[in-house]
Asks: 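Okay, handing you the structure first.
Starting from 1, each residue takes its place in the sequence as its number. Just so it is clear, the values below take in all heavy atoms, side chains as well, and ignore hydrogens, waters and symmetry mates. Because the structure is predicted, anything quoted here is derived from the model rather than measured.
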Amino acid sequence: MKNLLVFIFLMGIVIANAQKEVETVEKLKTEAAAEVDKYAVLGQQINDVLFSYAELGFQEYETFNYLTGLLEKHGFKVQKGVAGVPTAWIATWSYGSGKPVIALGSDVDCIPKASQKPGVAYADPIVVGAPGHGEGHNSGQALNIISALALKKIMEREKINGTLMLWPGVAEELVGTKAYYVRAGYFKDVDACIFTHVANNLGVGYGDSGGNGLVSVRFSFEGAAAHAAGAPWRGRSALDAVELMNIGWNYRREHLELTQRSHYVISDGGDQPNVVPSKASVWYYFRERTYPNIRKLFDIGIKVAEGAALMTDTKFTYEVLGSAWPGHFNKPIAEAMYQNMKVVGLPKWSDEDQLLAKATQLELKAPNTNGLAVKLDTISLPSPTGPVNMMGRQLMAMGGGSDDIADISWTVPTVVLRYPSNIPGLPGHHWSNAISMATPIAHKGIVYGAKAEIMTVLDMLLKPELLTNAWAYYKNDQTKDLQYTPLVGEKDNPAITLNKKIMEEFAPKLKPFYYNPAKYKTYLDQLGIVYPTVKPEQREELKKLEEKKSK
């Protein structure tokens, strides 16, 4: 009886201590979220500066200089030009033992021909024809940096061991770098990774993300030049080979899996019509739902290119320009993050925010004009990678877009934190997706995303079981039957010259519009934009729709 009483007493102490630890962690998380608010202005400035730079993949030099300088100023050690990519960097800050290592990443590149004035609910480019942030990649680094700076302050005060590692997704729109980061070993000592990506709600998911992986390949054909009218029989047209490859591929589509997505652009079609093109190139994206099927699709593409070369008596080579595995994300970390998201909730949108969103949805003929999200999204569950039978019918997992964060997700436990800085119902990769990205909508979304991030990182730093469970899921579930094999080969290198000519043309035209936070409170102020700017007819149509809803 005495031993039983002692046991009960000791268990009571253990439970009380455990409860005290939980309360301490939750208190710190609440303080951390409040600390993020203190960095809101800095987040807005980072966001707006990157928006104004509008740099395409591999050419993010202004972004590189600004972010690395800022991080060095705040005490981070920065490695520059990593993995053979001039605009890539790794920034680290450590306290105590330096373990665990938590990586915080986000993309930085923008979209061709997506220049758009923020806060204006119709097409109005800053520079006609120029690139613009029609994907919202100007916002994620702002989120990560203010989260990291707030966390750094708390780690120093509370003497919490760990390392924060910040890094950029360079040339994500070309899926051009993350496989090379992995190959160079930059994630071999990382314990977990949080990747942030703009969205229209606060959300996270686990398991297969439902997207496709891909391999990006440029096929280059070489023939013989000749006078196109005087002696065409002496020529061997590389352009003919490109066109025949495209024709062959389009005929082959009928006999490919329904889950495949493939698209191409002719990147070099010759010089002028009166010269038989001796050189020509076509750039393909081969997308599929699984790694084996991506490889299979790629191999078919090579065979089609061989056939085109045989038909035209030309030669061909191919070069891998980028790649991405299908994403698979960590369940324990995602579940912990979602609990934090429920605490954080969604931003309180102003009437002006909602008006901009609804007018933009109206302008773009979106499925509805409900405006910005006011209800937190549910946690995203795993998607099937093949056919699914439901109620006697076979449904297909059709996949869609790709992101090379997936390569990192197959290397270390990873989740993608989605944050609400964009407007629902827009096309994506489009000028309209830039409308909100230097407005209060983006600024609020960054702050709320940073709160969810900092709370989750504290969970990982202060609850060792979370990382233990994350690695158990990674080893026993995610990689049990399939291990990561890079789609880039040992001899492949980052395609760092892509977009160079475009940025050489547009960077000087964009430079006069670079945001100066020392002079202007926001980029809207600098551009003299009244927030929001909507057409009178948009206001009238929205008024009619609201009246119709109320009846």
Asks: For Trp325 and Thr485, indicate whether the former's side chain and the latter's backbone hold a donor-acceptor pair under 3.5 Å.
Replies: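 Between the backbone of Thr485 and the side chain of Trp325 there is a qualifying donor-acceptor contact (under 3.5 Å).
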Asks: Could you tell me which non-hydrogen atom of Val182 sits nearest to which non-hydrogen atom of Asp407, and how far apart they are?
Replies: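 So the minimum-distance heavy-atom pair works out to CG2-O, 4.0 Å.
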Asks: For Lys80, give me all partners under salt bridge (Lys or Arg N to Asp or Glu O under 4.0 Å), at least two apart in sequence or on another chain.
Replies: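 Counting only residues at least two positions away or on another chain, Lys80 forms a salt bridge (Lys or Arg N to Asp or Glu O under 4.0 Å) with Glu72.
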Asks: What pair of heavy atoms forms the shortest contact from Gly75 to Trp93, and how long is it?
Replies: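 For Gly75 versus Trp93, the nearest heavy atoms are O-CD1, 3.6 Å.
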Asks: Are Leu174 and Asn499 side-chain neighbours, meaning at least one heavy-atom pair lies under 4.5 Å?
Replies: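 Leu174 reaches Asn499 side chain to side chain.
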Asks: Could you tell me which residues satisfy salt bridge (Lys or Arg N to Asp or Glu O under 4.0 Å) with Glu363, sequence neighbours excluded, listed by chain and number?
Replies: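 Partners of Glu363 under the salt bridge (Lys or Arg N to Asp or Glu O under 4.0 Å) test: Lys535.
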Asks: Taking Leu202's backbone N and O only, do any of them form a donor-acceptor pair with Asp377's side chain (distance below 3.5 Å, no angle check)?
Replies: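 Absent.
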Asks: Between Lys77 and Leu71, is there a side-chain heavy-atom distance shorter than 4.5 Å?
Replies: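 No. Closest side-chain heavy atoms not under 4.5 Å.
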Asks: Indicate yes or no: at least one non-hydrogen side-chain atom of Val215 is less than 4.5 angstrom from one of Val320.
Replies: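 A side-chain contact under 4.5 Å exists here.
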Asks: With sequence neighbours excluded, what pairs up with Asp240 under the salt bridge (Lys or Arg N to Asp or Glu O under 4.0 Å) test?
Replies: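 Scan of Asp240 (salt bridge (Lys or Arg N to Asp or Glu O under 4.0 Å), adjacent residues dropped) gives none.
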Asks: Among residues at least two apart in sequence or on other chains, which ones pass side-chain contact (heavy atoms from CB on, under 4.5 Å) with Gln79?
Replies: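 So Gln79 forms a side-chain contact (heavy atoms from CB on, under 4.5 Å) with Val82, Ile90, Tyr186.
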Asks: Could you check whether any side-chain heavy atom of Ile294 comes within less than 4.5 Å of a side-chain heavy atom of Leu214, counting everything from C-beta outward?
Replies: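 Of all side-chain heavy-atom pairs linking Leu214 with Ile294, none is under 4.5 Å.
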Asks: Mind checking what makes side chain to side chain donor-acceptor pair (under 3.5 Å) contact with Glu172, not counting sequence neighbours?
Replies: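 So Glu172 forms no side chain to side chain donor-acceptor pair (under 3.5 Å) with any residue.
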Asks: Can a side-chain donor-acceptor contact be found between Glu288 and Thr259 if the only test is distance below 3.5 angstrom?
Replies: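 Distance-only check passes for Thr259 and Glu288.
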Asks: Taking atom types as modelled, find out whether Tyr419 and Ser139 have a side-chain donor-acceptor pair closer than 3.5 angstrom.
Replies: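 A pair is found: one side chain offers a donor N or O, the other an acceptor, under 3.5 Å apart.
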Asks: Let me check something: any side-chain donor-acceptor pairs from residues 299-319 under 3.5 Å, sequence neighbours excluded? List them with distances.
Replies:
unit_1: Thr312; atom_1: OG1; unit_2: Ala308; atom_2: O; d: 2.8
unit_1: Thr312; atom_1: OG1; unit_2: Ala309; atom_2: O; d: 3.4
unit_1: Thr312; atom_1: OG1; unit_2: Thr314; atom_2: OG1; d: 2.8
unit_1: Asp313; atom_1: OD2; unit_2: Arg236; atom_2: NE; d: 3.4
unit_1: Glu319; atom_1: OE1; unit_2: Arg218; atom_2: NH2; d: 2.8

Asks: Which pair of non-hydrogen atoms, one from Gly445 and one from Ser421, has the smallest distance, and what is that distance?
Replies: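 Smallest interatomic distance, heavy atoms only, reads CA-OG, 3.4 Å.
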Asks: Do the side-chain N and O atoms of Asn330 and Tyr206 include a donor-acceptor pair separated by under 3.5 angstrom?
Replies: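 Per modelled atom types, Asn330 and Tyr206 side chains form no pair under 3.5 Å.
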Asks: Crowded around Asp271 CG? As in, over 12 foreign heavy atoms under 6.0 Å?
Replies: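 No.
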Asks: Are Glu173 and His429 linked by a side-chain donor-acceptor pair shorter than 3.5 Å?
Replies: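 Per modelled atom types, Glu173 and His429 side chains form a pair under 3.5 Å.
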Asks: Between Val204 and Val416, which heavy-atom pair has the shortest distance, and what is it?
Replies: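 It is CG2-O, 3.4 Å.
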Asks: So, does Arg183 use its side chain to make a donor-acceptor pair with the main chain of Ala83 at under 3.5 Å?
Replies: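 No: the side chain of Arg183 does not pair with the backbone of Ala83.
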Asks: When you compare the side chain of Leu104 with that of Met165, does any pair of heavy atoms fall below 4.5 Å?
Replies: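 No, too far: nothing below the 4.5 Å cut-off.
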Asks: Specify the closest pair of heavy atoms between Ile408 and Trp167, including all atoms of both residues, with the distance to one decimal.
Replies: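 So the two residues come closest at CD1-CH2, 3.4 Å.
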Asks: At their closest point, which heavy atom of Pro118 faces which heavy atom of Leu524, and how far apart are they?
Replies: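 That would be O-CD2, 3.4 Å.
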Asks: Going by the rule salt bridge (Lys or Arg N to Asp or Glu O under 4.0 Å), which residues pair with Asp208 if we only count those two or more places apart in sequence or in a different chain?
Replies: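 Asp208 satisfies salt bridge (Lys or Arg N to Asp or Glu O under 4.0 Å) with Arg289 only.
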Asks: Under 3.5 Å, side-chain donor or acceptor atoms of residues 45-55 against the rest of the protein: list the pairs with distances, not counting sequence neighbours.
Replies:
unit_1: Asn47; atom_1: OD1; unit_2: Asn138; atom_2: ND2; d: 3.1
unit_1: Asn47; atom_1: ND2; unit_2: Met437; atom_2: O; d: 2.9
unit_1: Asp48; atom_1: OD1; unit_2: His443; atom_2: NE2; d: 2.8
unit_1: Asp48; atom_1: OD2; unit_2: Gln44; atom_2: NE2; d: 3.0
unit_1: Asp48; atom_1: OD2; unit_2: Tyr523; atom_2: N; d: 3.1
unit_1: Ser52; atom_1: OG; unit_2: Val49; atom_2: O; d: 2.7
unit_1: Ser52; atom_1: OG; unit_2: Tyr515; atom_2: N; d: 3.0
unit_1: Glu55; atom_1: OE1; unit_2: Glu62; atom_2: N; d: 3.4
unit_1: Glu55; atom_1: OE1; unit_2: Thr63; atom_2: N; d: 2.9
unit_1: Glu55; atom_1: OE1; unit_2: Thr63; atom_2: OG1; d: 2.7
unit_1: Glu55; atom_1: OE2; unit_2: Tyr61; atom_2: N; d: 3.1
unit_1: Glu55; atom_1: OE2; unit_2: Glu62; atom_2: N; d: 2.9

Asks: Is there a donor-acceptor contact under 3.5 Å from the side chain of Asn201 to the main chain of Gly203?
Replies: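 No: the side chain of Asn201 does not pair with the backbone of Gly203.
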Asks: Test side-chain contact (heavy atoms from CB on, under 4.5 Å) on Glu60 and Met503; report intermediate values, then the result.
Replies: CA-CA 9 Å; Glu60 309 98 328; Met503 288 310 302; over 6 Å; no
Asks: Please check if any side-chain donor atom of Thr92 sits under 3.5 Å from a side-chain acceptor atom of Thr163, or the reverse.
Replies: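 Checked: Thr92/Thr163 side chains show no N/O donor-acceptor pair below 3.5 Å.
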Asks: Is the backbone of Asn246 close enough, under 3.5 Å, to the side chain of Asn250 for a donor and an acceptor to pair up by distance?
Replies: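 A pair under 3.5 Å: yes.
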Asks: Is there a donor-acceptor pair closer than 3.5 Å between any side-chain N or O of Ser409 and the backbone N or O of His328?
Replies: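 Yes; at least one donor-acceptor contact below 3.5 Å.
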Asks: Verify side-chain hydrogen bond (donor to acceptor under 3.5 Å, both in side chains) between Ser115 and Trp431, making sure each step is shown before the conclusion.
Replies: CA-CA 6 Å; Ser115 180; Trp431 58 263; over 6 Å; no
Asks: For the backbone of Gly105 and the side chain of Asn144, can you confirm whether one donor and one acceptor N or O come within less than 3.5 Å of each other?
Replies: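 Checking the backbone N and O of Gly105 against the side chain of Asn144, a donor-acceptor pair under 3.5 Å is found.
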Asks: Any non-hydrogen side-chain atom of Pro427 less than 4.5 Å from a side-chain atom of Ser432?
Replies: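 The answer is yes; the side chains approach within 4.5 Å.
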Asks: Applying ring-ring contact (aromatic ring centres under 6.0 Å, His included) as the test, list every pair that has at least one member in residues 256-276; sequence neighbours left out.
Replies: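 Of all non-adjacent pairs touching residues 256-276, those that pass ring-ring contact (aromatic ring centres under 6.0 Å, His included) are Tyr264-Tyr284.
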Asks: Judged by atom type as modelled, is there a donor-acceptor pair below 3.5 Å linking the side chain of Trp410 to the main-chain atoms of Pro326?
Replies: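 Yes: the side chain of Trp410 pairs with the backbone of Pro326.
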Asks: Taking side chain as C-beta onward, heavy atoms only, is His197 less than 4.5 Å from His137?
Replies: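 Yes, close enough: below the 4.5 Å cut-off.
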Asks: Run the side-chain contact (heavy atoms from CB on, under 4.5 Å) test against Ile496 and tell me which residues pass, sequence neighbours left out.
Replies: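 For Ile496, the residues satisfying side-chain contact (heavy atoms from CB on, under 4.5 Å) (neighbours in sequence not counted) are Phe58, Pro86, Pro494.
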Asks: Using a 4.5 Å cut-off on heavy atoms from C-beta on, say whether the side chain of Val108 contacts that of Leu67.
Replies: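 Result yes, sub-4.5 Å side-chain heavy-atom pair found.
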Asks: Evaluate the side-chain contact (heavy atoms from CB on, under 4.5 Å) criterion for residues Leu151 and Ile102: first the C-alpha distance (whole Å), next the side-chain angles of each, then the deciding distance (0.1 Å), finally the verdict.
Replies: CA-CA 12 Å; Leu151 188 57; Ile102 310 299; over 6 Å; no
Asks: Is a donor from one side chain sitting under 3.5 angstrom from an acceptor on the other, for Ser216 and Trp283?
Replies: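 Per modelled atom types, Ser216 and Trp283 side chains form a pair under 3.5 Å.
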Asks: I need the full list of salt bridge (charged side-chain N to carboxylate O under 4.0 Å, His left out) pairs touching residues 413-442, with sequence neighbours left out, sorted by first then second residue.
Replies: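 Output for this query is empty, none listed.
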Asks: Evaluate whether atom CD of Gln483 has more than 12 neighbouring non-hydrogen atoms of other residues, nucleotides or ligands under 6.0 angstrom away.
Replies: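 Above 12, so yes.
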Asks: Sub-3.5 Å donor-acceptor pair from the side chain of Ser323 to the main-chain atoms of Leu487, do we have one?
Replies: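 Between the backbone of Leu487 and the side chain of Ser323 there is no qualifying donor-acceptor contact (under 3.5 Å).
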Asks: From Ile441 CD1 over to Ile435 CD1, what is the distance, rounded to the nearest 0.5 angstrom?
Replies: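 Spacing of CD1 (Ile441) from CD1 (Ile435) equals 9.5 Å.
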Asks: Going by the salt bridge (charged side-chain N to carboxylate O under 4.0 Å, His left out) test, which pairs reach into residues 107-129, not counting sequence neighbours?
Replies: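 Non-adjacent pairs meeting salt bridge (charged side-chain N to carboxylate O under 4.0 Å, His left out): Asp107-Lys178, Lys117-Asp124.
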Asks: Main chain of Ile194, side chain of Glu453: is a donor-acceptor contact present, judged purely on distance under 3.5 Å?
Replies: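 Not a single qualifying donor-acceptor pair exists.
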Asks: Hey, what's the ring geometry for Tyr181 with Phe187, parallel, tilted or perpendicular (30° and 60° as the breaks)?
Replies: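 It falls in the parallel class, under 30°.
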